[in-house]
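The chains referred to below are lettered A, B, ... by the order of the sequence lines, with proteins before strands, and numbering in each begins at 1.
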Amino acid sequence: NAGVMQNPRHLVRRRGQEARLRCSPMKGHSHVYWYRQLPEEGLKFMVYLQKENIIDESGMPKERFSAEFPKEGPSILRIQQVVRGDSAAYFCASSPQDRVRNEQFFGPGTRLTVL
Amino acid sequence: ELKVEQNPLFLSMQEEKNYTIYCNYSTTSDRLYWYRQDPGKSLESLFVLLSNGAVKQEGRLMASLDTKARLSTLHITAAVHDLSATYFCAVDPSYTGANSKLTFGKGITLSVRP
């Protein structure tokens, strides 16, 4: 059973470009979460999605950031017009429909560098 | 707003000695998670603690949860080099029984020296 998959693993963008980060959850998992990790910091929640629905986007910046989890295909985190402050590791996690444990399994992350 | 604090932030450990690290959180919760992260890597799930008094053990690590004190401890027995990593605790404050976001502490970096 493959784990959570993310690609690309490393992404370099120049200021003003767009970054697209992809996440495929573990088989059988219907919940996807995106977190951002700045150097020497813990993970900060960004958005929680189920198929075709955004459940909680309270951690998402209001501008330039968007996320989706379509009926078919991976979840996408899109950052438009990137700035240097967007440089970070972006982790996706998935969980099954288990309301008791809510255990989240993390992907390898995408390390975004904005030049 | 939920706050999760871990201390100390860095701990240099001597091999074969015992240590305890702490995770405090600011609002009532009965779901707490410990993760391990190696440099440049993802997070590996270590423990899921789901009720007051929960205790879980895996190898040299033992985690416990006191929901009344809003405190979790991670006890390390006879530290070995392989345990060098950053350890995060995360809290799920929801009471709805639904899946929800986790709030993470800043992490504690453990370094085991001979």
With a 4.5 angstrom heavy-atom cut-off, could you sort out which part of E44(B) is near chain A: side chain, backbone, both or neither?
neither

Residue Q6(A) versus chain B: region with a heavy atom under 4.5 Å:
neither

Can you confirm whether S100(B) sits close enough to D56(A) that some side-chain heavy atom of one is under 4.5 Å from a side-chain heavy atom of the other?
no

Would you check, one step at a time, whether the test ring-ring contact (aromatic ring centres under 6.0 Å, His included) holds for F104(B) with F45(A)?
CA-CA 8 Å; F104(B) 282 80; F45(A) 167 77; over 10 Å; no

Indicate the atoms forming the closest heavy-atom contact of Q37(B) with F91(A), along with that distance.
NE2-CZ, 3.6 Å

Verify the neighbour count for atom NZ of K51(A): are there more than 12 heavy atoms of other residues, nucleotides or ligands below 6.0 Å?
yes

How about N102(A) and V48(B): do any of their side-chain heavy atoms sit closer than 4.5 Å?
no

Given heavy-atom pairs under 4.5 angstrom as the criterion, report whether the side chain, backbone, both or neither of K106(B) touches chain A.
both

Smallest separation among heavy atoms of S42(B) and F106(A), with atom names:
OG-CB, 3.4 Å

Can you establish whether the number of heavy atoms outside R14(A) located under 6.0 Å from its atom CZ is more than 12?
no

Hey, any chance M13(B) and I108(B) share a hydrophobic cluster, counting ILVMFWY side chains that come within less than 4.5 Å of each other, even indirectly?
yes

Would you indicate whether the side-chain heavy atoms of E103(A) and S45(B) approach each other to under 4.5 Å?
yes

For atom CD of Q81(A), is the number of surrounding heavy atoms from other residues, nucleotides or ligands below 6.0 Å larger than 12?
no

Report yes or no: do I54(A) and V32(A) belong to one cluster of Ile/Leu/Val/Met/Phe/Trp/Tyr joined by side chain heavy-atom distances under 4.5 Å?
yes

On a heavy-atom basis, the closest approach of G40(B) and R111(A) is O-NH2, 3.1 Å

Do the side chains of Y87(B) and Y25(B) join up, straight or via other hydrophobic residues, at under 4.5 Å, putting them in one cluster?
yes

Examine L43(B) and F47(B) and state if one hydrophobic cluster contains both, with Ile, Leu, Val, Met, Phe, Trp and Tyr joined whenever side-chain heavy atoms are less than 4.5 Å apart.
no

Taking every heavy-atom pair that is under 4.5 Å apart, which of K44(A), M46(A), Q37(A) has the most such pairs with chain B?
Q37(A)

Return yes when atom CD of E15(B) has more than 12 non-hydrogen atoms of other residues, nucleotides or ligands closer than 6.0 Å, and no otherwise.
yes

Tell me, side chain or backbone of L102(B) under 4.5 Å from chain A's heavy atoms, or both, or neither?
both

Of the backbone (N, CA, C, O) and the side chain (C-beta and beyond), which part of L50(B) lies under 4.5 Å from a heavy atom of chain A, both, or neither?
side chain

Return yes when atom CZ of R78(A) has more than 12 non-hydrogen atoms of other residues, nucleotides or ligands closer than 6.0 Å, and no otherwise.
yes

